[in-house]
Amino acid sequence: MRKVCVVGVGSTAYGKNKESNREMLTRASLDALEDAGVDPKEVDGAFFGNAFAVTERQGHIGPLVMSALGIPDAPSTTVEAACASAGAAFREAWVNVASGLHDVFLAGGTEKVSTIDTLTATGYFAYGSDYVFEGGNGCSFPGLYAAMATAHMHEHGTTSEDLAEIAVKNHKHAVDNPKAHLQKAVTVEDVLGSMEVASPLHFYDCCPFSDGATAVVLCSEEVAKKLTDTPVYVQGAGRAGSVAALHDRESFTSIPATKRAAAEALKMAGKTVQDIDLFEVHDCFTIAEAIATEDLGLFKPGTGAKQAREGVTYRDGKVPVNPSGGLKAKGHPVGATGTGQIVEAVLQLRGEAGKRQVDGAETVLTHNVGATGGSCAVHIFGRSVA
Ligand SMILES: CC(C)(COP(=O)(O)OP(=O)(O)OC[C@H]1O[C@@H](n2cnc3c(N)ncnc32)[C@H](O)[C@@H]1OP(=O)(O)O)[C@@H](O)C(=O)NCCC(=O)NCCS
């Protein structure tokens with residue numbers, strides 16, 4: 001496999017956006033190409049995440065974007081892996097470049113949900129569960145993650161206050177992110193006093209429904225060296241799956257796909273998780289961040305939910321987790337989230353993350369989960385080859 005670099009990044013602001021998926025994703029792609037100094041005509045193809053084309057009745061988003069970029073002949077593929085769609089799209093683009101088949105690829109994603117109300121969005125999102133057993137019987141994603149939170153509380157003594165501390169941290173981080181959906185600090189009291197969405201999860205334990213698009217330009221090391229003196233290397237790429245239905249898993253408090261995808265990415269990078277300087281993990285609900293940090297091996301099983309309370313996972317803590325604000329507060333435009341995490345990783349590694357910069361960041365891990373863990377993509381990025 002060849003070494004692959006990320007040389008350009010682009011992202012719309014997250015939140016409500018008047019533009020369509022095709023407009024948002026074209027804008028993010030153009031920004032990424034301009035950032036890379038790459039002419040669209042040099043792009044060999046693209047993989048784009050988009051999970052809920054039904055909201056606009058417009059699937060097959062790739063050719064629309066490629067046409068708008070002036071390269072309708074270049075191949076594009078829409079990748080659907082629920083909330084991990086863009087992480088999975090990035091992995092496919094990486095395979096195309098690492099294998100030597102192509103030199104320059106776009107990866108990105110888009111989601112547009114502000115056209116529908118919360119009830120309709122919750123119903124559509126449940127299509128990403130095992131619909132026969134879960135969504136079809138009224139089990140929404142807040143409900144499924146609430147079951148995981150209940151199990152974590154039962155097994156490990158985790159409390160609602162512990163989870164609230166994670167929301168407080170990620171909201172605080174998002175205040176410094178001009179592209180975040182929710183640039184608003186909250187307190188533990190705000191979280192615990194907010195309405196219960198699915199017990200024990202409160203309103204502020206949940207990510208919002210966001211619009212947004214993100215894109216990155218990948219290329220071979222050879223091409224990257226012609227474009228920049230400071231390329232960001234893809235040091236490791238891991239993908240894995242788990243049994244789709246939560247009730248068919250051995251445990252509600254661990255996602256096997258996270259462990260397997262992380263092991264693959266770390267092995268490729270020749271690193272342990274302790275070598276990583278900061279983490280952008282999939283915190284669609286506060287409990288998801290706790291479980292992710294345990295499955296990644298950052299903290300012992302059962303202790304992930306205690307770390308924000310102790311200050312460990314704050315931007316200036318020992319193990320910074322979600323300095324962008326995470327899905328919780330930066331927002332979660334499902335089909336765009338995975339490459340959005342990668343945009344943050346690249347900005348951090350280039351020292352361009354502004355007020356949310358983690359000092360001395362040399363290595364970043366991104367972790368993107370589809371549904372309750374049926375899909376997972378983990379990538380490791382660094383300022384050096386490995
Ligand atoms: C939590 C939730 C139920 C709130 O929905 P809602 O009550 O209909 O909220 P609204 O969309 O009417 O928004 C009301 C306000 O709260 C804010 N808001 C919405 N969701 C929020 C959230 N999760 N956290 C903090 N603020 C939120 C909105 O920005 C809006 O603020 P404004 O009045 O200043 O504009 C909804 O966001 C939700 O279901 N989230 C989970 C999404 C999900 O399951 N994603 C898939 C994960 S696997």
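Residue numbers count from 1 along this sequence. The figures that follow rest on heavy atoms only: side chains count, while hydrogens, waters and symmetry mates do not. Counting starts at 1 for both ligands and their atoms, in listed order.
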- [ ] Determine, using ring centers only, whether His332 and His282 are less than 6.0 Å apart.
- [x] yes
Open item on the list: Contact between ligand 1 and Lys16 is defined here as a heavy atom of the residue under 4.0 Å from a ligand atom; is it met?
Closed with: no
Open item on the list: Using every non-hydrogen atom in the two residues, find where Ala329 and Ala180 come nearest and quote the distance to one decimal.
Closed with: O-CB, 3.9 Å
Open item on the list: Considering both backbone and side-chain atoms of Cys206, is one of its nitrogen or oxygen atoms within less than 3.5 Å of a nitrogen or oxygen in ligand 1?
Closed with: yes
Open item on the list: If we check salt bridge (Lys or Arg N to Asp or Glu O under 4.0 Å) with Arg315, which of these qualifies: Asp176, Asp359, Asp277?
Closed with: Asp176
Open item on the list: Just to confirm my output: which protein heavy-atom neighbour is closest to atom 17 (C) of ligand 1, and how far is it?
Closed with: Phe203 CZ, 4.0 Å
Task: Heavy-atom donor-acceptor pair, Arg260 side chain to Gly241 backbone, under 3.5 Å - done: yes
- [ ] Provide the number and element of each atom of ligand 1 under 4.0 Å from a heavy atom of Leu182.
- [x] 24 (N), 25 (C), 26 (N), 29 (O)
Open item on the list: I'd like to check whether Phe141 has a polar contact with ligand 1, where a contact means an N/O of the residue lying under 3.5 Å from an N/O of the ligand.
Closed with: no
- [ ] Report yes or no: does Asp205 contribute a side-chain atom to a donor-acceptor pair with the main-chain N or O of His202 at less than 3.5 Å?
- [x] yes
TODO: Within a distance under 4.0 Å of any heavy atom of Met195, pick out the atoms of ligand 1 and give their elements.
DONE: 7 (O)
- [ ] Ignoring hydrogens, tell whether any protein atom lies closer than 4.0 Å to atom 35 (O) of ligand 1; use the non-hydrogen atoms only.
- [x] no
Open item on the list: Determine whether any protein heavy atom is located less than 4.0 Å from atom 47 (C) of ligand 1.
Closed with: yes
- [ ] Please verify whether a non-hydrogen atom of Lys184 lies at under 4.0 Å from ligand 1.
- [x] no
